[in-house]
Every structure is written in structure tokens, then in C-alpha cells.
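The sequence lines fix the lettering, A, B, ..., with proteins before strands; numbering per chain opens at 1.
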There are 2 protein chains.
Amino acid sequence: MDSLGERIRKLREGKELPLRTVATYLGIDQAILSKIERGQRRATREHVVKLAMFFSLKESDLLVTWLSDKLAYEVRDEDLALEAMKVAEEKVKYQTRKNNG
Amino acid sequence: MDSLGERIRKLREGKELPLRTVATYLGIDQAILSKIERGQRRATREHVVKLAMFFSLKESDLLVTWLSDKLAYEVRDEDLALEAMKVAEEKVKYQTRKNNG
DNA sequence: CTTATCTTTGACAATATTTGTCAAAATAAA
DNA sequence: TTTATTTTGACAAATATTGTCAAAGATAAG
């Protein structure tokens with residue numbers, strides 16, 4: 001259950017690449033990538049798409065990691081986080097039905 | 001499975017109160033309350049707390065509605081919304097374990 | 001120990017998003 | 001018609017996000 005940051009740090013270190021290399025590919029300063037990897041900043045969707053390219057991952061795979069990070073972040077230090085999450089899941093199911101069939 | 005806006009509109013209309021009355025209680029312009037009720041703007045936590053007071057609801061009850069709205073909003077029009085939501089739920093469970101026991 | 005490379009930190013700027021006011025237009029009720 | 005209520009949209013203020021940059025802190029190599 002890794003965060004996006006943990007995942008890409010592992011991938012990057014697995015290839016023994018410096019932050020600079022990946023950051024340049026993303027078109028951002030290495031300082032930001034450093035922060036993203038350690039969870040101090042959040043990636044944008046564009047970053048995620050490019051990271052999937054860079055590391056040859058399925059885009060949807062990395063997007064789910066990124067989105068779930070965002071959701072968990074949204075209810076960080078909320079007592080009612082889990083309860084809200086469950087209700088939200090139902091709301092999303094309903095939204096989906098509404099958009100499709 | 002009402003949104004916060006739907007809930008408070010029903011409550012307000014149930015008491016036959018104009019937007020003005022509730023908006024003044026919240027300390028905001030009625031235009032905003034109108035938008036919140038119709039889901040065009042989002043309430044702040046402060047609004048929610050005051051609304052719970054105003055309508056004599058359990059604060060946590062309304063907070064769950066508000067939080068779940070925020071979560072659902074965060075993944076609006078995302079194909080991977082539901083999948084991300086499920087992963088996020090696990091992440092939240094883990095966070096909780098980390099903070100408590 | 002010194003130098004070179006890599007990573008982290010923090011101050012700051014630019015941009016985007018959110019939250020609000022206000023006034024006018026639209027709607028509904030008297 | 002009037003009067004009260006609600007909705008809309010343009011705009012401003014406040015806040016949050018995303019980024020650069022330069023310096024400080026680690027790590028590794030010579």
C-alpha cells in the first residue's frame with residue numbers, strides 16, 4: 001500500500017538514477033521531485049502521466065495510487081475519515097450509475 | 001444519500017425560512033448559501049459546524065455528509081474514482097492504526 | 001581530508017483555486 | 001402590480017498550490 005512518492009522513489013533508486021534525471025524528464029526542479037517522493041508536495045496529474053511513461057507503468061495503475069493519496073490526504077487527521085470514506089464510496093457508486101446507465 | 005446542500009435545503013424549507021435568515025446566522029451572503037444548497041459552492045467546516053447548531057443536528061452527522069461530499073468531489077469525472085476510493089479506504093485504515101494503536 | 005555528486009531545506013514568486021460581496025435578473029407569492 | 005425570495009455572474013480578497021533558486025546537508029570517491 002505504497003504512496004506515489006514511495007513507489008517512484010523505489011523505482012528511481014532501483015535504476016540508480018539521480019533526482020535530476022527524472023525531474024528534468026518531468027520538466028520540474030529536482031527540489032520538487034525530492035519533496036514529492038517524501039510526501040511533502042503532491043504530484044500533478046501531468047507528473048503522474050509522465051512518470052508512468054518514464055518507468056513504463058500502466059498509467060491507470062499509477063493514477064489510482066495518486067488519486068487514493070489525494071483522497072487519503074483530504075481526510076488526514078479527521079476522526080470521521082473512515083466513516084466519510086465509506087459514505088463517499090456509495091456516493092461515487094451513485095454518480096457512476098448516473099453517468100452511465 | 002443526500003449531499004450537504006440537499007440536506008440543508010430540505011431542513012431550511014421544512015422550517016419555511018428564507019436563505020437570508022440562515023445565511024446571516026452563518027455570517028455569509030445569501031448568494032453563497034444558495035450556491036451551497038445547489039452544490040455550486042462548497043461549505044467550509046465552519047459553515048457545517050454552525051449549520052449543525054442551527055438545525056440542532058449532531059455535528060458529526062453533518063460533518064460526515066460534508067466530508068464525503070468533498071471526497072466524491074475530489075474524484076468527480078474520474079474513471080478510476082471507485083477503484084481509487086477503495087484503495088484510499090485501506091490507506092485511511094492504515095493511517096488510523098498508525099495514529100492510535 | 002577534499003572534492004564532486006546528490007539530496008534536502010526554506011525563502012520567495014507566480015499561478016490557480018476558493019471564498020466571499022454586490023447588484024441585477026429571474027422567480028414566486030401577496 | 002408590488003414585494004419577498006432566489007439565482008446568476010462579475011468581480012475582489014484570501015488562501016493554497018506549484019514552482020524556482022540558492023544554500024546547506026549528506027554521501028561517496030579520489
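In this structure, A/E83 contributes its side chain and A/L80 its backbone to no donor-acceptor pair below 3.5 Å. Judged by distance alone, with hydrogens and angles left aside, the side-chain atoms of A/K91 form a donor-acceptor pair with the main-chain N or O of B/T65 at under 3.5 Å. No donor-acceptor distance shorter than 3.5 angstrom exists from the side chain of B/R7 to the backbone of B/L4, with no hydrogens or angles considered.
Closest non-hydrogen pair, A/W66 versus A/T44, comes out as CZ2-C, 3.8 Å. Residues B/A88 and A/A72 approach most closely at CB-N, 4.4 Å, considering heavy atoms.
Residue A/S34 places no side-chain N or O under 4.0 Å from the OP1 or OP2 atom of C/dT7. Applying the 4.0 Å criterion to OP1 and OP2 of D/dT6, one finds that B/R9 has every side-chain N and O outside that range.
Put simply, CG on A/L33 is 14 Å from P on C/dT9, counting in whole angstrom units. One interatomic measurement links the two molecules: CD1 of A/I8 to P of C/dT7, which rounds to 12 Å at whole-angstrom precision. A/L19 places its CG atom 4 Å from the P atom of C/dT7, with the value rounded to the nearest Å. Rounded to an integer number of Å, the gap from A/E46 CD to C/dA16 P is 12 Å. Across the protein-nucleic acid pair, B/R38 atom CZ and C/dA26 atom C1' stand 12 Å apart, rounded to whole Å. Spacing between atom CD of B/E37 and atom P of D/dT6 amounts to 8 Å, rounded to whole angstrom units. At whole-Å resolution of the value, CD in A/Q40 and P in C/dT7 are 15 Å apart.
In this structure, A/V48 and A/R45 have side chains that are not in contact, with every pair of non-hydrogen atoms separated by 4.5 Å or more. Annotation: side chain of B/L11 is not in contact with side chain of B/L17 (no heavy-atom distance under 4.5 Å).
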Its contact letters, B for base, S for sugar-phosphate only and - for none at protein heavy atoms under 4.0 Å, make nucleotides 9-30 of chain D read B-------SBBBB---------
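Around CG of A/D79, the count of heavy atoms belonging to other residues, nucleotides or ligands within 6.0 Å does not exceed 12.
Side chains of B/R38 and B/S34: a donor-acceptor N/O pair is present below 3.5 angstrom, by distance only.
For the segment residues 10-17 of chain B, the set of residues with a heavy atom within less than 4.0 Å of an atom of DNA chain C is empty.
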